[in-house]
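Numbering of residues begins at 1 and proceeds along the displayed sequence. Read the numbers this way: they start at 1 and go in the same order the structure lists the ligands and their atoms. Below, all heavy atoms of this structure are taken into account, side chains as well, without hydrogens, waters or symmetry copies.
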Amino acid sequence: MTGSLWRDTAAVDEAAAVTAKLTDSIVDGLLTAPPGLEARVYEAMRYSALAPGKRLRPLLVLAGARLFGVARRSALQVAAAVEMVHAYSLIHDDLPAMDDSDLRRGRPTCHKAFDEATAVLAGDGLLTLAFETLAHPDTHGSAAVRCELVTALAGAAGAAGMVGGQMIDLIAERQSLDIGAITRLQRMKTGALIAFSCEAGAILAKAPHELRLALRGYAHDLGLAFQIADDLLDVQGSADETGKPVGADAAAGKATFVSILGIDRARAQAELLINQAVAHLDLFEQRAELLRQVARFVIDRRT
Ligand code: GRG
């Protein structure tokens, strides 16, 4: 089964809209503010985690879980957890000590809407709540499965994954990296969380190793294609569409896939990666059609 790469726009858009609604309702429930003064940090967490975004990682969790018939509640708990980790990373990335950004998801960044200290705490609160959510019995009846999810997300989000990638990214502002080093940086910074999202359904279903490996292969190529699309949007997109400042990489003098390869070759590389990603899904046959469509969505997006 090779699967059509003609994007069924309506199917993906509907799946994305349903995913966003369901995931946001779980996050909303988890972020009910208590009556004390600490309500302010809940408000900041809600402001960022419920702001309009693509909810791509939750979509990957739900699409992956669907391959194995995982219970909806389990998949949604994981979708909410991964989105909270993503939201935390955006809050901290926007801080003056990092990217110093004023605009995110079409709104003032968390530290602009609140203040820097509150934004740091809101990120910390979202990160820790994500792990509490994975460890909750609603996520899975088996403690071993919950533990595996916690370990996998910690690996993806920590110094061997997203945090390590962000460290390299900060160093890249002062030191030029070649394409191999940039590829590694991006696999860690954005690819690791995308890979966790793709594999989570297999963990929940205790799926055979070879199926998990196939999803890892899909995620590996998808993550890089996502990053190239992001680099292209930074050059060709507008702040109105993306909801964040564009041209930031060039302004910071950072080497990206686009600055090294040029627009046409970067676009061709993203297409190649998407074809490779989809090829990993052959053994799931028709059941993986949504994941195939999501792959297309990732490089066709304007936001
Ligand atoms: C601060 C530990 C720490 C990590 C930050 C992911 C990250 C690391 C920074 C984000 C900076 C950035 C713009 C990276 C490019 C790729 C990316 C993650 C874009 C934002 O993700 P989308 O496009 O955003 O999925 P939405 O708003 O749609 O959820």
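- Nearest protein heavy-atom contact of atom 15 (C) of ligand 1 is Asp230 OD2, 3.2 Å.
- On a distance-only criterion, Glu83 and ligand 1 share no N/O pair closer than 3.5 Å.
- With respect to atom 22 (P) of ligand 1, the closest heavy atom belonging to the protein is Lys54 NZ, 3.3 Å.
- Using a 4.5 Å cut-off on side-chain heavy atoms (C-beta onward), Met84 and Leu30 make contact.
- To the nearest 0.5 angstrom, Leu215 atom CG is 6.0 Å from Leu67 atom CG.
- The protein heavy atom nearest to atom 17 (C) of ligand 1 is Phe226 CE2, 3.9 Å.
- A salt bridge between Glu43 and Arg46 is absent, with no side-chain N of the basic residue lying under 4.0 Å from a carboxylate O of the acidic one.
- Because its NZ or CZ atom is both nearer than 6.0 Å to the ring centre of Tyr47 and within 45° of the ring axis, Arg107 counts as a cation-pi partner of that residue.
- Residue-ligand proximity, Gly53 to ligand 1, at heavy-atom distances under 4.0 Å covers atoms 27 (O), 28 (O).
- The heavy-atom pair separating Thr190 from Gly223 by the smallest distance is OG1-O, 4.5 Å.
- For atom 26 (P) of ligand 1, the nearest non-hydrogen atom from the set Arg55, Arg105, His92, Gln227 comes from Arg105.
- The shortest contact between atom 2 (C) of ligand 1 and any protein heavy atom is with Tyr88 OH, 3.3 Å.
- Among the atoms of Thr190, none of the N or O lies under 3.5 angstrom from an N or O of ligand 1.
- Cluster annotation: Leu281 is connected to Ile274 through the hydrophobic network of ILVMFWY side chains, with a link wherever side-chain heavy atoms come within less than 4.5 Å.
- Backbone and side-chain nitrogen or oxygen atoms of His86 are examined, and one is located within less than 3.5 angstrom of a nitrogen or oxygen of ligand 1.
- Comment: Arg104 engages Asp93 in a salt bridge, judged by a side-chain N to carboxylate O separation of less than 4.0 angstrom.
- Of the protein's heavy atoms, Asp93 CG, 3.5 Å lies nearest to atom 9 (C) of ligand 1.
- The proximity of Leu90 to ligand 1, defined as any non-hydrogen pair under 4.0 Å, is limited to the side chain.
- Heavy atoms of other residues, nucleotides or ligands lying less than 6.0 angstrom from CD of Glu173 number more than 12.
- Nearest protein heavy-atom contact of atom 6 (C) of ligand 1 is Ser89 OG, 3.6 Å.
- Annotation: atom 25 (O) of ligand 1 to nearest protein heavy atom, Arg57 NH1, 2.8 Å.
- A salt bridge links Arg296 with Glu271: at least one charged nitrogen is closer than 4.0 Å to a carboxylate oxygen.
- Near Lys244, meaning under 4.0 Å from one of its heavy atoms, ligand 1 places the atoms 13 (C), 19 (C).
- Shortest contact from atom 3 (C) of ligand 1 to any protein heavy atom: Gln166 CG, 3.9 Å.
- Using a cutoff of 4.0 Å between basic side-chain nitrogens and carboxylate oxygens, Glu83 and Arg57 are not scored as salt-bridged.
- Those atoms of ligand 1 that come under 4.0 Å of a heavy atom in Val163, given as number and element, are 2 (C).
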